[in-house]
*Asks:* 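Structure incoming, see below.
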Amino acid sequence: MAAAAAWQPQEGGFKEICGLLEQQISPSSDKSQIWQQLQHYSQFPDFNNYLAFILARAEGKPVEVRQAAGLLLKNNLKSAFKSMPLTNQEYIKAELLPCLGAADRQIRSTSGTIISVVVEIGGVLGWPELLHTLVKCLDSNDLTHMEGALDALSKICEDIPQVLDMESPGTSERPIDIFIPRLLQLFQSPHASLRKLALGSVNQYILLMPPVLFMSMDKYLQGLFVLANDSSSEVRKLVCSAFVQLIEVRPSFLEPHLGNVIEYMLQVNKDPDDEVSLEACEFWSAYCEAPLPPENLRAFLPRLIPLLLSNMTYADDDESLLDAEEDGSLPDRDQDLKPHFHSSRFHGSDDAEDDDDDIVNIWNLRKCSAAALDIISNVFGDEILPTLMPFVHSKLSVIDDSSWKEREAAVLALGAIAEGCINGLYPHLSEIVAFLIPLLDDKFPLIRSISCWTLSRFSKFIVQGIGHREGHEQFEKVLTGLLRRLLDDNKRVQEAACSAFAILEEEAADALSPRLEIILQHLMCAFGKYQRRNLRIVYDAIGTLADAVGGELNQPKYLEILMPPLIAKWQQLSNSDKDLFPLLECFTSIAQALGSGFSHFAQPVFQRCLDIIQSQQLAKVDPVSAGVQFDKEFIVCSLDLLSGLTEGLGSGIESLVSQSNLRDLLLQCCLDDGSDIRQSAFALLGDLARVCPVHLRPRLTEFLDVASKQLNTPKLKETISVANNACWAIGELAVKVNQEVSPVVMTVISCLVPILQHAEAFNKSLIENSAITLGRLASVCPELVSPHMEHFMQSWCIALAMIRDDIEKEDAFRGLCAMVKANPSGALSSLVFLCRAIASWHEIRSEELHNEVSQVLLGYKQMLKNGAWEQCMSALEPPVKERLSKYKV
């Protein structure tokens with residue numbers, strides 16, 4: 001049978017598509033109209049064949065047109081390749097391969113990108129011609145062909161390295177086995193472009209470490225040492241990157257060569273090319289975090305520390321120097337605003353804030369060096385002070401204007417070592433703080449801003465000293481100094497002062513109460529003065545203040561300063577303005593701090609949260625009639641503010657809930673496909689269950705049903721925070737609605753038991769909440785839960801023993817006592833664990849529960865005859881027995 005005729009383009013179609021592509025790359029064309037026409041053409045099954053033909057064969061056309069065809073082809077293939085007729089797939093693949101040897105570098109590069117996309121979709125095993133072509137080009141000694149093949153190969157290695165590391169069916173060979181020896185050989189090429197692509201490709205396999213690279217490690221390391229002083233800065237950067245990756249994932253390979261590697265890194269850390277020196281600087285932090293003995297680095301510290309210090313000085317072209325001149329009265333541009341990330345509400349013990357000490361936002365040699373010094377100080381502690389401090393002193397003692405950058409770097413260094421060297425610095429901290437306070441008023445804005453940051457790093461010490469006169473005076477000076485800087489005219493200083501003040505607030509907590517009025521005056525003055533970007537930090541500082549001083553804020557004289565400007569801003573912003581996010585967060589903290597004092601402001605805030613949730617839920621399905629684009633952050637922040645209101649107002653929120661459709665909106669949020677929305681929705685469900693369960697009752701079954709589904713999902717680990725809050729909410733509902741939870745009790749128990757039995761796989765908070773909720777369900781429905789208790793008693797008691805004393809733990813133990821009463825033999829095999837759980841209490845505050853627990857122990861003591869009780873006691877550790885003695889057994 002004759003072979004099917006090869007596809008050929010029609011002259012008319014070829015001309016029209018080329019014409020459209022020419023228009024597309026012309027700056028003056030109507031892009032949307034051309035896009036529509038291209039979309040029309042893409043309906044034709046062979047449209048992508050035309051694009052491949054234009055890229056590969058339209059040699060009479062400008063390179064830009066051919067390249068445009070290639071980029072459009074790449075984007076189309078991402079969605080269309082799999083559903084394309086096989087003949088078209090084969091045609092496109094066949095046209096791409098010769099392009100690797102095209103005379104024009106742009107055509108080669110575009111083809112390499114498309115080949116990488118095709119490999120990502122279909123793998124390499126079904127395209128043997130590709131591997132043959134790549135090998136043939138690499139072995140050709142023709143620079144054009146070698147570069148084209150290496151460019152394509154490097155893109156495959158970067159985007160989908162695992163594809164080349166798979167065994168071919170029926171053999172133990174992997175494609176990477178063919179390439180690694182050739183790539184290592186190319187390290188010696190006279191052409192920098194080939195050396196760079198070859199080294200970049202091999203580096204992609206450090207993490208995967210296929211057997212062929214493992215076996216060739218000596219040759220790879222020799223190659224790295226040969227390339228270490230390459231004339232191309234891009235190659236030197238890749239050598240540094242290789243050493244950084246090796247020290248992170250395979251430090252044992254470098255251990256025999258560490259002296260040489262460290263020596264080399266010290267040298268390239270001073271490389272004239274900034275990108276090379278930055279990559280080299282990453283090595284120090286990576287080394288300190290690797291499982292390697294610190295000794296190897298210790299001998300180099302006298303050379304490394306001065307190097308890091310000199311690299312911490314602002315470079316002349318650092319864009320922060322330009323920003324630093326920016327006047328605080330100039331409005332921010334949209335691109336100056338970082339995206340806002342709100343973390344959904346979380347109930348439990350793992351709710352740790354990210355410690356964000358980042359001073360500016362772009363990673364550069366200065367910041368990398370400061371981070372390295374910070375980590376080194378944590379590893380070597382006070383040992384580094386004799387080397388470091390003379391340099392810091394000498395930089396700080398030169399006070400002429402031209403040396404301000406050196407002074408600034410010295411202040412940065414003090415902040416960087418604040419944690420690691422605190423013991424050695426401790427005797428001198430009063431002097432250091434006294435030295436830094438005047439720098440808050442320095443003429444150079446970047447010295448003012450770094451002094452704010454460094455003082456914040458010592459805030460724990462500054463607050464500890466409040467108890468004695470000198471310390472109290474110093475605290476006052478730091479406080480007033482930072483408040484002065486809050487009102488600086490320079491944006492960078494405002495940002496640093498506000499962030500530093502928020503950290504001081506967290507440390508000082510209620511010690512701020514005597515100065516609340518002056519603090520609020522300054523914060524609200526800043527609120528009126530700042531542009532949009534820094535306003536977000538003021539909101540944070542106000543929220544942190546509310547968290548720090550709590551109910552102290554609930555006084556008319558303070559509320560008159562604080563609330564009117566915030567409410568004016570609240571009324572000024574529309575429901576779709578993203579500047580609402582930080583304000584919603586700020587109100588959440590204020591509502592929790594003021595408690596019932598917030599009731600005066602609650603109604604409009606409550607109603608607006610509902611309006612925002614409602615319009616966003618509509619926007620999700622129909623943005624046109626909603627009039628806004630959907631953004632889940634609006635729903636998450638509104639739900640969290642409603643939680644804050646519920647926590648603050650307590651049962652006072654009932655009148656608002658009863659007259660609203662919150663219940664139905666909340667159920668919809670609990671059913672949402674966005675995990676952040678569900679996480680905050682279940683937090684609010686639990687908060688409402690505590691104070692007004694009566695308003696949840698009409699849809700209680702649906703709430704319980706959707707909450708229990710969160711615990712029974714194959715993706716539990718990915719949505720662990722949702723499960724955590726849902727679990728907590730079920731427990732809160734159980735203690736309020738009692739028997740009404742009985743329809744879901746066994747479903748929930750069957751989900752909680754595997755979590756407790758595999759505690760090591762989950763976080764502490766989910767384990768605690770699971771243990772508490774299981775106990776709460778048992779206290780409400782002991783007759784349902786107790787027949788199954790022997791299946792979970794041991795793992796449940798282990799979890800109960802880890803929980804700190806509080807009201808929730810009391811509930812859980814009420815469930816334990818109720819179950820033991822209903823089925824005493826169910827806990828016999830786990831009695832030692834039950835005793836340890838009881839002994840985990842420091843003190844049971846509730847006399848009634850204390851007596852119940854005593855009854856449980858006494859019951860077992862009477863039940864176990866013939867020395868069995870004594871045998872159980874002998875299996876317990878002495879401190880456990882000691883704690884049980886208060887129960888008179």
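The first residue in the sequence is number 1, and the count goes up from there. The basis for the numbers below is simple: all heavy atoms, side chains too, and nothing from hydrogens, waters or symmetry mates.
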*Asks:* List the atom of Gln89, the atom of Phe81, and the distance in Å for their closest heavy-atom pair.
*Replies:*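 What the structure gives for the nearest pair is NE2-O, 2.8 Å.
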
*Asks:* Under a plain distance cut-off of 3.5 Å, with no hydrogens placed, do Tyr91 and Asn48 share a side-chain donor-acceptor pair?
*Replies:*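 Result is no, nothing qualifies.
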
*Asks:* Quick one: closest heavy-atom pair of Val65 and Cys18, and the distance?
*Replies:*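 That closest heavy-atom pairing would be CG1-O, 4.3 Å.
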
*Asks:* Is the distance from the ring center of Phe214 to that of Tyr220 below 6.0 Å?
*Replies:*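 Aromatic pair excluded; centres sit 6.0 Å or further apart.
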
*Asks:* When rounded to the nearest 0.5 angstrom, what distance separates CD in Glu90 from CD in Glu129?
*Replies:*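 Between Glu90 CD and Glu129 CD, I get 6.5 Å after rounding to 0.5 Å.
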
*Asks:* Evaluate the side chain to side chain contact (heavy atoms under 4.5 Å, CB included) criterion for residues Arg66 and Ile107: first the C-alpha distance (whole Å), next the side-chain angles of each, then the deciding distance (0.1 Å), finally the verdict.
*Replies:* CA-CA 7 Å; Arg66 294 171 64 191; Ile107 300 297; 3.7 Å; yes

*Asks:* Could I get the full list of side chain to side chain donor-acceptor pair (under 3.5 Å) partners for Asp316, not counting sequence neighbours?
*Replies:*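 Once residues adjacent in sequence are excluded, the partners of Asp316 under the side chain to side chain donor-acceptor pair (under 3.5 Å) criterion are Lys405.
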
*Asks:* Rounded to the nearest 0.5 Å, what separation is found between the CZ atom of Phe300 and the CH2 atom of Trp284?
*Replies:*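 Here the rounded value is 8.0 Å.
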
*Asks:* In chain order, what residues pass the side chain to side chain donor-acceptor pair (under 3.5 Å) check against Ser42, with sequence neighbours excluded?
*Replies:*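 Result, side chain to side chain donor-acceptor pair (under 3.5 Å) vs Ser42: none returned.
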
*Asks:* Test of understanding: with side-chain contact (heavy atoms from CB on, under 4.5 Å), list the residues that count as partners of Ala192, not counting sequence neighbours.
*Replies:*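 Checked Ala192 against side-chain contact (heavy atoms from CB on, under 4.5 Å); matches are Arg195, Ser232.
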
*Asks:* What's the verdict on side chain to side chain contact (heavy atoms under 4.5 Å, CB included) for Phe187 and Val202, showing C-alpha distance, side-chain angles and the deciding distance?
*Replies:* CA-CA 10 Å; Phe187 284 14; Val202 180; 4.1 Å; yes

*Asks:* Work out which heavy atom in Ile247 is nearest to a heavy atom in Leu258; give both atom names and the distance.
*Replies:*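 Nearest pair, atom of Ile247 first, then Leu258: CD1-CD2, 3.9 Å.
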
*Asks:* Does Asn49 offer a backbone N or O that forms a donor-acceptor pair with the side chain of Asn88 under 3.5 Å?
*Replies:*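 No.
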
*Asks:* Does Asp151 pair with Lys155 as a salt bridge, N-O distance under 4.0 Å?
*Replies:*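 Lys155 and Asp151: salt-bridged.
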
*Asks:* Would you sort out whether Phe53 and Phe14 count as a ring-ring contact (aromatic ring centres under 6.0 Å, His included), showing the intermediate values?
*Replies:* CA-CA 9 Å; Phe53 180 85; Phe14 172 73; 5.7 Å; yes

*Asks:* List the atom of Thr144, the atom of Gly101, and the distance in Å for their closest heavy-atom pair.
*Replies:*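 Thr144 and Gly101 have their closest heavy atoms at CG2-O, 3.6 Å.
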
*Asks:* Strictly distance-based, threshold 3.5 Å: is any side-chain N or O of Arg366 a donor or acceptor partner for the main-chain N or O of Thr313?
*Replies:*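 Pair absent, no side-chain N/O of Arg366 close to backbone of Thr313.
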
*Asks:* Decide whether Gln106 and Thr110 meet the rule of one side-chain donor and one side-chain acceptor closer than 3.5 Å.
*Replies:*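 Side-chain D/A pair, Gln106 to Thr110: absent.
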
*Asks:* Would you name the heavy atoms of Val379 and Pro294 that are closest together and state the gap between them?
*Replies:*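 For Val379 versus Pro294, the nearest heavy atoms are CG1-CB, 4.1 Å.
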
*Asks:* Evaluate ring-ring contact (aromatic ring centres under 6.0 Å, His included) for Phe243 paired with Phe225, printing each intermediate quantity in order.
*Replies:* CA-CA 10 Å; Phe243 285 138; Phe225 288 126; 5.7 Å; yes

*Asks:* Begin with the C-alpha distance, continue with both residues' side-chain angles, and end with the deciding distance and a verdict on salt bridge (Lys or Arg N to Asp or Glu O under 4.0 Å) for Asp271 and Arg236.
*Replies:* CA-CA 9 Å; Asp271 197 281; Arg236 294 197 303 280; 2.8 Å; yes

*Asks:* Assess the residue pair Ile34 and Asp30 against the criterion (side chain to side chain contact (heavy atoms under 4.5 Å, CB included)); give the C-alpha distance rounded to whole Å, side-chain angles, the decisive distance to 0.1 Å, and a yes or no.
*Replies:* CA-CA 7 Å; Ile34 294 164; Asp30 177 353; 5.7 Å; no

*Asks:* Spell out, as yes or no, whether a donor-acceptor pair under 3.5 Å connects the side chain of Asn378 to the backbone of Asp374.
*Replies:*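 Yes; judged by distance alone, with no hydrogens or angles, the pair exists.
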
*Asks:* What closest approach, in Å, do Gly112 and Ala152 show between heavy atoms, and which atom pair accounts for it?
*Replies:*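 That would be CA-CB, 3.7 Å.
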
*Asks:* What I want to find out is whether Asp165 reaches Arg174 closely enough, with some N-O distance under 4.0 Å, to be called a salt bridge.
*Replies:*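 Here Asp165 pairs with Arg174 in a salt bridge, since their nearest N and O are under 4.0 Å apart.
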
